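The model shown is predicted, which means the values in this text are computed figures rather than measured ones. Counting starts at 1 for both ligands and their atoms, in listed order.
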Amino acid sequence: MTPYPEITSAVLHRLLVLQAKRHLGPGVPGASIEQRLKEASEDQIRAFLETISHSFREAEQQSARQARALLISTDEANTLTSRLAKLNDELGDALTFIENELTTLARDFPESITPRPASENRITALAEQFKQVASTWHIHERGIIEAQRLAESLRKEADRANKAKSDFLAAMSHEIRTPLNGVIGMTGLLLQTQLNEQQLEQAETIHSCGDTLLSLINNILDYSKIESGNLDLENVPFILQNAIEDVLDLFKHSMSSKKIEILIWIDPATPHAFVGDLTRFRQILINLVGNAVKFTPEGQIELTIQPNSTGKRGKWLASVHDTGIGIPPDRMDRLFRVFSQVDASTTREFGGTGLGLAISLRLVEAMGGEIWVENRTPVGSTFHFSFDLPGCEPPEASISILNGPELLWGATVLVIDDLALNLKIIEAYLLNWGAKAICFLSPISALEWIKAGNSYQLLITDQDMPGMTGTELLDSIHDLGLPDIPSLLLTSVGWSPVTQSGVSVLSKPVKAFELARCIGGLIGGRPVVSEPLRKQGTAPRFKYFPAKVLVAEDNPVNQRLIRLLLAQFGVDAEYRNNGLEALESYEISRPDIILMDVRMPEMDGYEATRRIRQLPGVTDDHPQIIALTANALTDERNVGLKAGMNDYLTKPVMRSELFRALLRACRLTAGETEIENHH
Ligand code: ADP
């Protein structure tokens, strides 16, 4: 079946005529195909038939192909048409959208874009509005470029100003530092000359003001350096324990003159070493520990490092807890701003620049952490900072320190300290070194434990404990007549108590390294007496003090403080708790010097002095009675002098003042002293 028969038959007819001419011979002109077939030979007819049937097949195939092609192009045409219709719809939508947008633009920018006239051709009107939009756009673009140029030039100006500020700061620091060096240097020299008391005090004041000014300048420079983005932190491995101990070393001195103990606790889950900027890490700790020391008159400072579980940024948490004056809650968030101090009177009392915490904040942030403060109950505050330094293996050379003395492996060590945290710290060290610690909070219980026949290889005891001191404990153990066991005495004051041989002395805070070295020496049979602190310090010590001293003071803390100070000076004394007791003691032991608190229960210091002065054999100069008063009014002094006192000291009793008062009193009563002076 062919779809187009008329075409096929016309083609066929032409084909037949053509082939008949070719195959059936020329014949008579105008003869029909039938006539030619009658005249043609059989061969001619066969050839003719073959050719036309072949041509017929071809024609058939071609016509089928054409039909197919036609079908396809009709389909395509249909698809195209529907696509065009869709596009047309979309264009219509787009046009409406553009019209709406332009209408809005014309409404918002009536000066630049005019509304489309309703009469005009839709597209022409739109095109007109487009032109207006484009020119408005150009104007705005120029404005933006202009603004960018302005911003750029302002930025350059700010950079220049910033550089000028840095230059100015550097120059100012230099200019101030130069005369300041003179001030500090010259007062330093002045302080080494013979000065009367007033001059000495004045020179010391100038010296300490100079120091404060210098640290202020250093802090300002440091802060401005950090602020201007010039803070590049190093990444070098450091050992945590050493970093902390170095920091504490700086404060050993100020702590030994106060009654503060400092404790370090590093959680065992903390890496021994970190990769980071050691100087900056220490700077943060110095600020926080320095503040804690500054604002804590007595008690403990604990420095702890542990994994951070507070939810703040950073993997590790360092905390400095103190038992100091605390911080009013409404001031807490302001502390980390520059030049912020809780109140001006603290500055007068404690010094400081108000920049330390602001600098610490920037440094902590640069180490991926946060810094904050909490008050503690009942007293004091805790400064926490978190940090995100990667932990690492400690450098080779330091591993032996962390391992501790080998001989300690498997040993039983008796540890006595009235502070539980101290026991925990020493126990942790010992455990780390493979030793077993038996810990006691009370020396009496430790003594009982020994008396019960328990054996141990090493004893570590605190010196200052209520009830029984470390030296007294060691003496009591000695008196038991057992074989001598290596012993180590820990003291928090800058002096070495007189001890039996075989006893080593270490001053607190105890460093792991020192403890290891000391224990190593002890068990190896070589007692190591640590350098007494006074060698680096300013306090001299009496080598020979010829006078008998009595102290009457009712407040146990003050009594302890005086006990520590006197012990530092190498002076022994008798201690009584009120005037009546002092009077009774005086009649028995006849001391040369009496340090007499003014306000005491039972009998106050004035009354006791009056009664002593009336006793037979007592003169106005012997004994020397030194009043201890809590207020510095001159009136108090006169009352004291009238009652028969010779001198007076105001509380808080300063070490140097007490020393000088003792020296004076001694000269007046008992003769010359001998002094070991380490200046
Ligand atoms: P400053 O050099 O004055 O100590 P900081 O920025 O280090 O400057 O501290 C700001 C203020 O925060 C201090 O002046 C003090 O008032 C308060 N402060 C800081 N640490 C303590 C603390 N441990 N106990 C009480 N107050 C503190």
Side-chain angles (χ1 to χ4, degrees), residues 173 176 180 208-227 231 244 247-248 250-251 253-255 257-265 279-305 317-367 369-386 421 509 652:
S173 138
I176 297 180
L180 206 53
S208 84
C209 288
D211 277 346
T212 309
L213 213 52
L214 194 63
S215 72
L216 176 65
I217 289 167
N218 288 341
N219 276 343
I220 292 177
L221 272 186
D222 204 22
Y223 185 77
S224 81
K225 192 166 144 198
I226 294 170
E227 267 299 81
L231 179 65
I244 290 175
V247 170
L248 298 187
L250 294 176
F251 298 104
H253 233 79
S254 32
M255 278 177 327
S257 62
K258 282 185 177 187
K259 190 54 205 129
I260 315 179
E261 245 184 277
I262 184 147
L263 311 164
I264 320 166
W265 167 247
T279 314
R280 294 305 197 170
F281 185 75
R282 279 212 312 239
Q283 192 178 355
I284 306 169
L285 287 177
I286 290 171
N287 278 336
L288 298 188
V289 176
N291 280 342
V293 171
K294 199 157 79 173
F295 296 109
T296 305
E298 64 176 355
Q300 283 122 262
I301 295 169
E302 292 157 29
L303 172 53
T304 57
I305 314 262
L317 179 71
S319 313
V320 178
H321 316 267
D322 66 42
T323 52
I325 61 173
I327 292 152
D330 58 323
R331 296 304 190 97
M332 284 193 163
D333 48 337
R334 286 183 38 192
L335 285 188
F336 299 95
R337 297 194 201 151
V338 278
F339 296 120
S340 114
Q341 290 175 321
V342 166
D343 67 73
S345 62
T346 43
T347 326
R348 239 173 285 131
E349 191 177 344
F350 302 107
T353 61
L355 274 172
L357 291 176
I359 293 175
S360 301
L361 171 72
R362 301 302 194 283
L363 295 178
V364 165
E365 282 175 349
M367 291 183 196
E370 295 179 56
I371 184 166
W372 69 101
V373 62
E374 280 167 9
N375 270 330
R376 299 175 86 193
T377 33
V379 285
S381 44
T382 299
F383 280 82
H384 299 282
F385 75 91
S386 52
L421 185 59

inquiry  = Given Leu357, Leu335, Ile301, Thr296, identify the one with the heavy atom nearest to atom 5 (P) of ligand 1.
reply    = Leu357
inquiry  = Show the atoms of ligand 1 that are less than 4.0 angstrom away from any heavy atom in Leu355.
reply    = 6 (O), 8 (O)
Test item: Ser386 side-chain N/O and Glu370 main-chain N/O as donor-acceptor pair under 3.5 Å = yes
message = Can a donor-acceptor pair be found, under 3.5 Å and without considering hydrogens, that links the side chain of Arg282 to the backbone of Val247?
response = no
remark   = The atoms of ligand 1 lying under 4.0 Å from a heavy atom of Lys294, numbered in the order shown, are 1 (P), 2 (O), 4 (O)
key: Numbered atoms and elements of ligand 1 in range of Ser381, under 4.0 angstrom, heavy atoms   = 22 (C), 23 (N), 24 (N)
inquiry  = Just to be sure I'm reading this right: ignoring hydrogens, which of Asn291, Asp322, Ile359 gets closest to atom 23 (N) of ligand 1? Compare them by their nearest heavy atoms.
reply    = Asp322
query = If you count the atoms of ligand 1 from 1 in the order shown, which ones are under 4.0 Å from a heavy atom of Phe383?
reply = 19 (C), 20 (N), 21 (C), 22 (C), 23 (N)
query = Where do Arg337 and Leu361 land on the side-chain contact (heavy atoms from CB on, under 4.5 Å) test, with the steps shown first?
reply = CA-CA 9 Å; Arg337 297 194 201 151; Leu361 171 72; over 6 Å; no
query = Would you find a donor on one side and an acceptor on the other, under 3.5 Å apart, between the side chain of Asp322 and the backbone of Gly380?
reply = no
message = Checking Asn375 against Ser381: is there a side-chain donor and acceptor pair closer than 3.5 Å?
response = no
message = Could you tell me if the side chain of Glu298 sits less than 4.5 Å from the side chain of Ile260, heavy atoms only?
response = no
key: Sub-4.0 Å heavy-atom approach of Gly326 to ligand 1   = yes
